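Worksheet: the structure to be examined is printed underneath.
In each ligand, atom 1 is the first atom listed, and ligand 1 is the first ligand listed. Scope of the values below: all heavy atoms of this structure, side chains included, with no hydrogens, waters or symmetry mates. Not measured: the values here are computed from a predicted model.
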Amino acid sequence: KIVVLDGYTLNPGDLSWDQLEKNGELVVYDRTPVEKIIERIGDADVVYTNKTPLIKEVFDACSNIKFIGVLATGYNVVDVDYAKTKGIVVTNIPTYGTDAVAQFTIALLLEICHHIGEHSNAVKKGDWINNADWCFWNYPLIELAGKTMGVIGFGRIGQSTAKIAQALGMKVLAYDAHRNEAWESDTCKYVTLDELLAESDVITLHCPLFPSTEGIINAGNIAKMKDGVIILNTSRGPLIIEEDLRDALNTGKVAFAACDVVSTEPIKADNPLLSAKNMIITPHIAWAPKESRQRLMDIAVDNLEAFVAG
Ligand code: NAD
């Protein structure tokens, strides 16, 4: 028995679960509230989750589970250590959305640099304003060539984002817990976190959420950044202390920020970033072009078939 606890983000009507169905009796739920998890997977052999948490109490109550497929790259929704003690295999899908998330990160940056939505809306309202009165003063356009992008977490998505930034003429500074010299070049070098913070015009976050990275963007580190820096986060919300980023945006220390992820999702009405100046927030969608979702489903099936094959 295979249960998908929260298939809604993956399959909004345009992709099918047929491939998974070939492997057993399949039940797909759109979403699963926490209080329904145990009831729904009590007799399941295989469980897929995207954002539904699977914690110790669930594993204790559902003794049939043999395989968990996390339908995402980040697997912080599952208590992996406890699952291991029960002999349960946990898989994630690290590669399905690398290009999509990198492209989205650069899209956020280009929106900050060009404000295309604002300009288009003004034109549609009858305002053809292309002089200093409004356009260049309130929404200054920014050229990226020659500027420096600092990438915190230089793994798959960080490197892919850096490649596009280099194509735009940017220099790249990388900070990572593990160094891969093969990536170093005239326009890309590894630096310490402090060097990255001090020298970057744009800082983009691509490290996983670990205790060592939680709150890495905080008041102390923001103070080390250039005035007018741009901050991007398409990784995980808790990498940023949101109150600190809000304050820095409101004083202008940070000129612009864009986050596809926030500390609590869906975003709460009192999230500090909602009241910050020059802040773009999107609802955790960087991963979701149809092409990536299809890849994610294909790899999810491959993982299960590899498990069944031993
Ligand atoms: P990855 O594992 O390839 O890269 C992560 C990098 O971070 C690695 O190089 C690792 O060495 C580095 N790292 C680990 N600890 C660090 C630390 N303390 N300081 C600095 N660097 C550290 O992962 P990826 O595929 O590039 O994904 C990155 C993140 O993107 C994921 O963890 C996930 O949270 C996020 N993500 C978001 C979306 C979205 O839709 N917004 C989609 C997919 C992934």
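Aromatic rings from Tyr175 and Tyr190 are positioned such that their centres are separated by 6.0 Å or more.
With respect to atom 32 (O) of ligand 1, the closest heavy atom belonging to the protein is Pro208 CA, 3.4 Å. Nearest non-hydrogen protein atom to atom 27 (O) of ligand 1 is Ile157 CD1, 3.4 Å. From the protein, the heavy atom lying nearest to atom 28 (C) of ligand 1 is His206 O, 3.3 Å. Looking only at heavy atoms of the protein, atom 16 (C) of ligand 1 is closest to Ala177 CB, 3.7 Å. Scanning all protein heavy atoms for the shortest distance to atom 19 (N) of ligand 1 gives Tyr175 CE2, 3.7 Å. In this structure, the protein non-hydrogen atom closest to atom 17 (C) of ligand 1 is Thr213 CG2, 3.5 Å. Atom 4 (O) of ligand 1 has as its closest protein heavy atom Gly155 CA, 3.3 Å.
Below 4.0 Å from some heavy atom of Cys207 lie the following atoms of ligand 1, by number and element: 7 (O), 21 (N), 22 (C). Below 4.0 Å from some heavy atom of Asp260 lie the following atoms of ligand 1, by number and element: 39 (C), 40 (O), 41 (N). Within ligand 1, counting atoms from 1 as listed, the ones closer than 4.0 Å to a heavy atom of His178 are 11 (O). Listed by atom number, the atoms of ligand 1 under 4.0 Å from Gly153 heavy atoms are 7 (O), 21 (N). Less than 4.0 angstrom separates some heavy atom of Pro94 from each of these atoms of ligand 1: 25 (O). For ligand 1, the atoms sitting less than 4.0 Å from at least one non-hydrogen atom of Val101 are 38 (C), 42 (C), 43 (C), numbered in the order shown with element in parentheses. Of all the atoms in ligand 1, the ones that sit under 4.0 Å from a non-hydrogen atom of Trp287 are 40 (O), 42 (C). In the vicinity of Phe210, heavy-atom distances shorter than 4.0 Å reach the ligand 1 atoms 14 (C), 15 (N).
Taking distance alone, with nitrogen or oxygen atoms compared against 3.5 Å, Arg156 approaches ligand 1 more closely than that limit. For ligand 1, none of its N or O atoms has an N or O atom of Gly74 under 3.5 Å away. In terms of N/O distances under 3.5 Å, ligand 1 is approached by Arg236. Of the polar atoms of Asp176, at least one N or O is found under 3.5 Å from an N or O of ligand 1, judged by distance alone. In terms of polar-atom proximity, Ser212 is counted as a contact of ligand 1, with an N or O under 3.5 Å from an N or O of the ligand.
Among Thr234, Ile152, Thr95, the residue whose heavy atom sits closest to atom 38 (C) of ligand 1 is Thr234. For atom 31 (C) of ligand 1, the choice among Ser235, Gly97, Pro283 with the nearest heavy atom turns out to be Ser235.
Salt bridge present: Glu184 and Arg179 bring a charged side-chain N and a carboxylate O closer than 4.0 Å. A salt bridge does not link Asp79 with Lys56: every distance from a Lys NZ or Arg NE/NH1/NH2 to an Asp or Glu carboxylate oxygen is 4.0 Å or more.
Residues Asp99 and Gln103 have side chains that never bring a donor and an acceptor to within less than 3.5 angstrom of each other. Using modelled atom types, one finds no donor on one side chain facing an acceptor on the other under 3.5 Å when comparing Ser200 with Thr148. Donor-acceptor pairing under 3.5 Å is lacking for the side chains of Asp298 and Tyr96. Under the 3.5 Å distance criterion, with hydrogens and angles disregarded, no donor-acceptor pair is assigned to the side chains of Asn233 and Ser235.
The aromatic rings of Phe67 and Phe307 lie tilted to each other, with the angle between the two planes from 30° to 60°.
Applying side chain to side chain contact (heavy atoms under 4.5 Å, CB included) to Ile203 and the options Ile222, Val151, Leu196, Asn221 leaves one that passes, Leu196. With Leu54 as reference, Ile68 is the one residue of Ile68, Val77, Ile65 to meet the side chain to side chain contact (heavy atoms under 4.5 Å, CB included) rule.
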Legend entry - salt bridge (Lys or Arg N to Asp or Glu O under 4.0 Å) between Lys253 and Asp247, intermediate numbers included: CA-CA 9 Å; Lys253 168 73 186 178; Asp247 293 348; over 6 Å; no
Legend entry - Verdict with supporting geometry, Lys171 and Asp186, salt bridge (Lys or Arg N to Asp or Glu O under 4.0 Å): CA-CA 8 Å; Lys171 283 178 261 172; Asp186 290 348; over 6 Å; no
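Remark: Arg31 is positioned above the aromatic ring of Tyr8, its terminal NZ or CZ atom under 6.0 angstrom from the ring centre and at most 45 degrees off the axis.
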